[in-house]
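Report on one structure; see the data block that follows.
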Amino acid sequence: MFRASLLFMSVVVPSSAALSQQDSTAVSLDTVIVTVTRATGRSVLRSPFAVTIAHPDSSRPGQRHTAVDETLAMIPGLTSVSRNNPAQDPRLSIRGFGARSAFGVRGVRVLRDGMPLTLPDGQTPLDYLSLESVGRIEVMRGAASALYGNASGGVIDIRSAAPSAGPLSIEARQWIGPHRSFRSAVVASGSRQSAYYLADFARTRSDGERAHSGHRATTGFLRSGLSAGGISYAITALALHNPLAQNPGALTLAEMQANSAMADAVSVRRNARKAVKQVQAGISATREIAGGDITLSGFRGARSLDNPLTFGIVEIGRHTHGAAGILHRSSQILGATHRIVAGAEIQSQND
């Protein structure tokens, strides 16, 4: 722990008109003590970063897990706006980063169990993010998030819940709501000796509160791991089949006051909607070395999008892949313990 005393001097340079009305005086400010902390070995609550940790299942039980804005609500510095439109993702911004995005999420890096969901061009689609098995979410704000690389004006690191201590644990959930809304989800997990797994499967169906706002989606998630030969292996996979997400469009004030459940006439006539198929899988291997560990990881994904809009049709076939390596090492140098972190990452995107 270091202390530094800073002496501030105030110099007043008034104009000639002001000099004729008042005397120039010097003000001596109180001494300011600045305490510099070192985060090594400290808890995240005492680290000098703007970090928030949320546990969705414990803090907000009963949430539907249909959109990430429910999970990220009430986090300082993070703005999460849901458009209540099945054809459009929620908008996320952290301290202004991503606020100007016309669609999706830009400027904010999103990870799932260390695997990047953010594309090399800075965009993050959130529709294929399964939330049924999320155990904790870490949100980092401020300049320190730049350590995560591209599109990291802020970082949202989503971590899976711990698997069951037994060989098999199954949870089934069912939501029923108005407008023929149904959501069914199954979560299974287990562990045995040096192996574990965690998986979820969910189906969502709704006709929507407004006309032309139907939604059909199936999501899946799998994470499994194994320790063998001094190396810890982990596999993570996400999948989405979203054959229908109708876009009701926007209404004028007069239209909303007349009938808030109606859809925009042009959106209905041109059948504005979205259909998505996506899968992404990653693998990582971690080996402990003297004083630390080294991790190698890679991922690959594919996405197809059919998105008719009022002014045209957007159709994309996307392939992404990437790899990363990171080294953690603690060393004694000049009688002090230093923690050294070094890494490299490469990603590729082809649309």
Side-chain angles (χ1 to χ4, degrees), residues 64-70 81-92 101-106 110 112 115-132 175 177 179-186 200-222 237-251 261-281 299-321 349-351:
R64 299 170 300 166
H65 300 118
T66 57
V68 73
D69 60 286
E70 297 179 355
V81 180
S82 174
R83 309 176 199 191
N84 296 307
N85 187 333
Q88 296 181 350
D89 284 346
R91 295 182 64 184
L92 301 179
S101 174
F103 61 92
V105 180
R106 286 191 178 273
V110 183
R112 179 64 193 260
M115 180 174 65
L117 305 186
T118 300
L119 300 171
D121 67 356
Q123 180 189 357
T124 306
L126 296 175
D127 47 12
Y128 75 113
L129 178 59
S130 177
L131 300 171
E132 294 295 337
W175 290 263
H179 311 291
R180 298 179 62 187
S181 298
F182 301 91
R183 178 171 172 81
S184 306
V186 177
D200 65 61
F201 177 84
R203 299 195 66 177
T204 304
R205 173 176 179 168
S206 176
D207 289 344
E209 184 176 356
R210 297 173 59 192
H212 196 69
S213 61
H215 183 219
R216 311 284 186 271
T218 302
T219 60
F221 172 78
L222 169 66
L238 301 92
L240 166 70
H241 178 49
N242 183 194
L244 178 65
Q246 293 178 319
N247 188 347
L251 300 178
M262 69 181 296
D264 172 54
V266 178
S267 298
V268 175
R269 184 170 66 252
R270 300 195 176 181
N271 195 17
R273 66 194 187 278
K274 180 177 78 171
V276 181
K277 291 182 180 179
Q278 178 158 345
V279 61
Q280 181 168 320
F299 73 92
R300 189 172 183 85
R303 178 182 177 94
S304 65
L305 170 68
D306 181 24
N307 189 197
L309 301 169
T310 56
F311 57 85
I313 297 177
V314 177
E315 188 169 348
I316 296 177
R318 171 175 296 154
H319 296 273
T320 60
H321 60 271
Q349 173 182 346
N350 184 16
D351 287 1

Close side-chain approach of [X] and [Y], heavy atoms under 4.5 Å:
{"X": "Thr124", "Y": "Pro116", "answer": "no"}
{"X": "Lys274", "Y": "Val314", "answer": "no"}
{"X": "Leu129", "Y": "Leu240", "answer": "no"}
{"X": "Leu92", "Y": "Leu126", "answer": "yes"}

Can you name the nearest heavy-atom pair linking [X] to [Y], along with the distance?
{"X": "Ala202", "Y": "Arg183", "answer": "CB-NH2, 3.7 Å"}
{"X": "Arg270", "Y": "Phe311", "answer": "NH1-CA, 4.0 Å"}
{"X": "Gly208", "Y": "Ser213", "answer": "CA-OG, 3.2 Å"}
{"X": "Met262", "Y": "Leu251", "answer": "O-CD1, 3.6 Å"}
{"X": "Gly214", "Y": "Pro86", "answer": "O-CG, 4.0 Å"}
{"X": "Gly249", "Y": "Asp264", "answer": "CA-CB, 4.0 Å"}

At what distance, to the nearest 0.5 angstrom, does [atom1] of [X] lie from [atom2] of [Y]?
{"X": "Asn247", "Y": "Asn307", "atom1": "CG", "atom2": "CG", "answer": "8.0 Å"}
{"X": "Thr118", "Y": "Arg112", "atom1": "OG1", "atom2": "CZ", "answer": "14.0 Å"}
{"X": "Phe299", "Y": "Gln280", "atom1": "CZ", "atom2": "CD", "answer": "5.5 Å"}
{"X": "Ser267", "Y": "Arg273", "atom1": "OG", "atom2": "CZ", "answer": "12.0 Å"}
{"X": "Asn85", "Y": "Arg210", "atom1": "CG", "atom2": "CZ", "answer": "7.5 Å"}
{"X": "Arg91", "Y": "Arg106", "atom1": "CZ", "atom2": "CZ", "answer": "12.0 Å"}

Exam field: side chain Arg216 to backbone Ser206, donor-acceptor pair closer than 3.5 Å: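 Side chain of Arg216 to backbone of Ser206: a pair is present.
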Who pairs with Ala263 by side chain to side chain contact (heavy atoms under 4.5 Å, CB included), at least two apart in sequence or on another chain? Ala211, His212, Pro248, Val268
Among Leu244, Asp306, Leu305, Ile316, which one satisfies side-chain contact (heavy atoms from CB on, under 4.5 Å) with Val276?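 Exactly one option meets the side-chain contact (heavy atoms from CB on, under 4.5 Å) with Val276, and it is Leu305.
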Check the surroundings of atom CZ in Arg318: do more than 12 heavy atoms from other residues, nucleotides or ligands lie under 6.0 Å from it?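 Enclosed.
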Quick check: are there more than 12 heavy atoms from other residues, nucleotides or ligands sitting under 6.0 Å from CD of Glu209? no
Could you walk me through whether Val105 and Asp89 satisfy the side-chain contact (heavy atoms from CB on, under 4.5 Å) test, starting with their C-alpha distance in whole Å, then the side-chain angles of each, then the deciding distance to 0.1 Å, before giving a yes or no? CA-CA 8 Å; Val105 180; Asp89 284 346; 5.7 Å; no
Electrostatic pair Asp127-Arg303, nearest N-O below 4.0 angstrom: yes
